[in-house]
Amino acid sequence: MHSEKKNIDKAEKSPEFFERLARPEALTDQVAERLRSAILSGALAPGTHLSVPEIARQLGVSRTPAREGLILLEREGLVESRSSTGVAVITGGTPEILDLLDIREGLEIMTVRRAAERMDKEAVAALKTLFTQHEAVVQQGDLARHVELDAAFHGMISEGAGNARLARHLIQIDQQLRVLNSRLSRAKGWSGRAVLRDHQAIIAAIAARDPDEAEKQMRAHIERTRAFHLQSTLIL
């Protein structure tokens, strides 16, 4: 017994061979979040070259988390590798946007149907509260806030659908569209009120727990967005 206690004491006093980790994965996530926010806000425009040394310098980190942060964003589809210039914020015209809208339509249809089946009264009430906030923002003509609340609306429906994997894919598609859509909301003929009308119809279908109507309204919403993309291409 005495011998066992001696061995335990010896083990407890053994020298430490490893330094404590500085949680490098957390630092990488922070870098990725800073870059993601700058891209989605438009501070880093489509096509902007992203230099690992410059990112590291500005954020006060080593090159490793800066490089790994870019790798995370490349997996999310927000940046792309280029043979001539390295890594840059994604770019794309109408063909790329329409391809993303096709993917988004399929994901949104599945999501809104599940939301209509699963969202409870409290979740629907939260959707209606968000709609009221969005309505006020559109009246004020606050474009940046409109984009945020539009994304929040679709995000709330994704959450209400209760499928985390589906929601994750949808978020990535929506973020890519936000980057490529930066010109769309400034195009002639854009109307936040049209978006609100679509959202109101979708909320009504979800509140009625009617998956078929929810699908119908979501399809119409995405189709109007697609049509406006084609129209804006001719205008811009």
Side-chain angles (χ1 to χ4, degrees), residues 28-59 61 63-108 111 142-155 158 166-192 194-195 221-236:
T28 296
D29 289 343
Q30 291 176 44
V31 171
E33 178 55 35
R34 291 286 186 90
L35 291 172
R36 186 185 298 109
S37 296
I39 292 170
L40 294 178
S41 70
L44 291 174
T48 301
H49 172 64
L50 299 173
S51 162
V52 169
E54 185 62 17
I55 291 170
R57 185 190 69 78
Q58 291 192 28
L59 295 181
V61 299
R63 295 189 180 190
T64 297
R67 184 180 301 106
E68 291 178 347
L70 286 176
I71 291 173
L72 284 179
L73 294 188
E74 186 170 9
R75 291 173 182 166
E76 295 176 11
L78 292 179
V79 304
E80 54 193 4
S81 296
R82 297 180 177 177
S83 57
S84 57
T85 59
V87 179
V89 179
I90 59 169
T91 59
T94 297
E96 290 76 16
I97 292 173
L98 294 180
D99 283 348
L100 285 172
L101 284 173
D102 285 341
I103 299 170
R104 177 187 168 189
E105 181 176 9
L107 296 176
E108 289 272 23
T111 298
D142 187 340
L143 176 58
R145 186 66 178 142
H146 156 72
V147 172
E148 291 177 2
L149 292 181
D150 181 54
F153 173 80
H154 289 275
S158 295
L166 182 60
R168 185 165 57 250
H169 288 300
L170 192 50
I171 287 171
Q172 292 181 1
I173 294 297
D174 281 344
Q175 288 182 341
Q176 292 171 42
L177 280 169
R178 282 178 65 181
V179 177
L180 300 183
N181 273 346
S182 58
R183 62 178 189 155
L184 181 62
S185 293
R186 295 189 293 271
K188 181 180 178 181
W190 174 84
S191 172
V195 173
H221 178 48
I222 296 174
E223 186 55 41
R224 274 187 277 274
T225 302
R226 182 183 287 107
F228 186 66
H229 273 292
L230 293 173
Q231 175 188 348
S232 66
T233 302
L234 298 175
I235 294 173
L236 294 177

Novice: So, does Q176 use its side chain to make a donor-acceptor pair with the main chain of E76 at under 3.5 Å?
Specialist: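 Yes, the answer is positive, given that a donor and an acceptor are paired below the 3.5 Å cut-off.
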Novice: Just verifying a value: how many Å separate L59 CG and E54 CD, rounded to the nearest 0.5 Å?
Specialist: 9.5 Å
Novice: Quick one, E105 with R226, criterion side chain to side chain contact (heavy atoms under 4.5 Å, CB included). Give me CA distance, side-chain angles, the key distance, then yes/no.
Specialist: CA-CA 10 Å; E105 181 176 9; R226 182 183 287 107; 3.2 Å; yes
Novice: Quick check for you: to the nearest 0.5 Å, what is the distance between L40 atom CG and L35 atom CG?
Specialist: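 Answer for the CG-CG pair, L40 versus L35, is 11.0 Å.
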Novice: Does atom CZ of R36 have more than 12 heavy-atom neighbours, drawn from other residues, nucleotides or ligands, at distances under 6.0 Å?
Specialist: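 Above 12, so yes.
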Novice: How close do G47 and A88 get, counting heavy atoms only, and between which atoms?
Specialist: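 Minimum heavy-atom contact is O-CB, 3.9 Å.
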Novice: Could you give the distance from CG (L73) to CD1 (I39), rounded to the nearest 0.5 Å?
Specialist: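 Answer for the CG-CD1 pair, L73 versus I39, is 5.0 Å.
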Novice: Can you check whether R67 reaches I55 side chain to side chain, under 4.5 Å on heavy atoms?
Specialist: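 The answer is no; the side chains never approach within 4.5 Å.
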Novice: Tell me the closest heavy-atom pair linking L72 and A32, and the distance in Å.
Specialist: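 Smallest heavy-atom distance, with atoms named: CD1-CB, 4.0 Å.
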Novice: Looking at every non-hydrogen atom in both residues, tell me the closest pair between L180 and G92 and how far apart they are.
Specialist: CD2-N, 3.5 Å
Novice: Starting from the C-alpha separation in whole Å, work towards a yes-or-no answer on side chain to side chain contact (heavy atoms under 4.5 Å, CB included) for L78 and V89.
Specialist: CA-CA 6 Å; L78 292 179; V89 179; over 6 Å; no
Novice: Looking at every non-hydrogen atom in both residues, tell me the closest pair between L170 and S158 and how far apart they are.
Specialist: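 Heavy atoms only, the tightest pair is CD2-OG, 3.2 Å.
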Novice: Find the distance between CG (L100) and CD (Q175) and round it off to the nearest 0.5 Å.
Specialist: 12.0 Å
Novice: Which atom names give the shortest non-hydrogen contact between V31 and A66, and what distance separates them?
Specialist: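 Looks like CG1-CA, 4.0 Å.
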Novice: What's the separation between atom CD in E108 and atom CG in L166, rounded to the nearest 0.5 Å?
Specialist: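 Those atoms lie 9.0 Å apart.
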Novice: Answer yes or no: does atom CZ of R63 have more than 12 heavy-atom neighbours from other residues, nucleotides or ligands under 6.0 Å?
Specialist: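 Result for CZ/R63: open.
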Novice: Out of the candidates V147, D150, I173, only one should pair with R178 under the side chain to side chain contact (heavy atoms under 4.5 Å, CB included) rule; please name it.
Specialist: V147
Novice: Check S81 against E74 and note the closest heavy-atom contact, atom names and distance.
Specialist: OG-OE2, 2.9 Å
Novice: Between E96 and G93, is there a donor-acceptor pair closer than 3.5 Å when you use the side chain of the first and the backbone of the second?
Specialist: yes
Novice: Would you sort out whether H221 and V195 count as a side chain to side chain contact (heavy atoms under 4.5 Å, CB included), showing the intermediate values?
Specialist: CA-CA 8 Å; H221 178 48; V195 173; 4.2 Å; yes
Novice: In Å and rounded to the nearest 0.5 Å, what is the CG to CG distance from D102 to L107?
Specialist: 11.0 Å
